[in-house]
Asks: 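For reference, the structure I am asking about is given below.
Each chain gets a letter, A, B and so on, in the order the sequences are listed, and its residues count up from 1. Nothing here was measured: the structure is a model prediction, and the numbers come from that model.
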There are 2 protein chains.
Amino acid sequence: MARKYIDNPNACSLVHTMNIIGNKWKPIILYLLSNGSMRFGMLNTLIPTISKKVMTNQLKELENDGLLLRQSFAEIPPRVEYSLTEKAVGLLPVLKLLSDWANEAYPEMDFEQCRIMENGKKPAYNNVYKK
Amino acid sequence: MARKYIDNPNACSLVHTMNIIGNKWKPIILYLLSNGSMRFGMLNTLIPTISKKVMTNQLKELENDGLLLRQSFAEIPPRVEYSLTEKAVGLLPVLKLLSDWANEAYPEMDFEQCRIMENGKKPAYNNVYKK
DNA sequence: AATAGTGGTAACCAAAAAGTAACTAATGGC
DNA sequence: GCCATTAGTTACTTTTTGGTTACCACTATT
């Protein structure tokens, strides 16, 4: 699992959720996968500043928490596809609300567009590439 | 602000939200304050495993991010009251959804009751005290 | 004169999270 | 035979976060 927080006496479901997705990269990973399954390498390309080690870690934790499905194909070179589980899909609308909240609460911040699309349209990956 | 994550190219509003509330203690602090303002010492009593330094820090960050109002009274001994801003109040329903999500997605985990009450009832602080 | 009560701060330390660079296995193409 | 390709792993270092202890200011109470 994500974080431990063993000494956090408030072992409630909200703390659990934060332990699972409240970190640097996981919401982005879930976002990217909300449009369908994706290979390890593609995820790494779309989040260029994450290291492979950390990416592996995040994907493992998300898988352990039941948010991701990992499909490994017996090919050479290897191919591994990651996709969202039902659990994760159920979380997407709430993530959307979190993102809506920030847009409303901090209008001055002019965020980049988020990559969860309500309508299944492809996100604008282009601006991910900019240095 | 909470975290920096300057090198996270996905500077979208969801990442921003996570930077603000996605850590060990802040959701709990917001929960506790959802029933009305509270003094520093009371917060510390209700979250007995947090250190004063960290509590101070979290409260400052939440204040800087516009989620908390800090009222200091010129009394001896000092009295400081913290309360939620409108921004924070707008976040509460989403926190509720996050907590609902975990309850549904992980029914086997049997979480403690969360301390955001839909109806303004006082949360059961008792079970916070247990070691 | 000593102590309790409150909301902190400072210096220092430990643990967790993230980052870096080099390395691997297995195969296909040149 | 040599290199590229992919999805990692390993060992190590740095950065970030959280924790501990001692201390302060100011007054009221004992």
Asks: With the side chain of Q58(B) defined as its heavy atoms from C-beta on, choose the nearest nucleotide among dG8(D), dG7(C), dG18(D).
Replies: dG18(D)
Asks: Check side chain to side chain contact (heavy atoms under 4.5 Å, CB included) between L59(A) and all other residues, then give those that pass, not counting sequence neighbours.
Replies: I29(A), F40(A), L43(A), M55(A), L68(A), Y82(A)
Asks: Measure CE/M55(A) against C1'/dT6(D) and give the value in whole Å, please.
Replies: 14 Å
Asks: Using the test salt bridge (Lys or Arg N to Asp or Glu O under 4.0 Å), find all partners of E63(B) that sit at least two apart in sequence or belong to another chain.
Replies: none
Asks: Output all residues satisfying side chain to side chain contact (heavy atoms under 4.5 Å, CB included) with V89(A), sequence neighbours left out; order by chain, then residue number.
Replies: L84(A)
Asks: Excluding sequence neighbours, so at least two apart, what forms ring-ring contact (aromatic ring centres under 6.0 Å, His included) with Y106(B)?
Replies: H16(A), W101(B)
Asks: Going by salt bridge (charged side-chain N to carboxylate O under 4.0 Å, His left out), name the pairs with one or both residues in residues 31-56 of chain B, residues two or more places apart or in two chains.
Replies: none
Asks: Give the residues of residues 67-78 of chain A touching DNA chain D, defined as any heavy atom closer than 4.0 Å, sorted by residue number.
Replies: R70(A), P77(A), P78(A)
Asks: Which of these nucleotides, dG19(C), dT6(C), dG19(D), is closest to any side-chain atom of K24(A)?
Replies: dG19(C)
Asks: Name all residues meeting the side-chain hydrogen bond (donor to acceptor under 3.5 Å, both in side chains) criterion together with D100(B); count only those two or more places apart in sequence or in a different chain, and write none if there are none.
Replies: K96(B)
Asks: Holding to salt bridge (Lys or Arg N to Asp or Glu O under 4.0 Å), I want the full list of residues that pass it with E81(B), two or more places apart in sequence or in another chain.
Replies: R79(B)
Asks: Please write out each protein N/O paired with an N/O of nucleotides 9-11 of chain D under 3.5 Å, distance rounded to 0.1 Å.
Replies:
residue	atom	partner	partner atom	Å
dT9(D)	OP1	K60(A)	NZ	3.3
dT9(D)	OP2	K60(A)	NZ	3.2

Asks: Does OP1 or OP2 of dG7(C) have a side-chain N or O of R39(B) closer than 4.0 Å?
Replies: yes
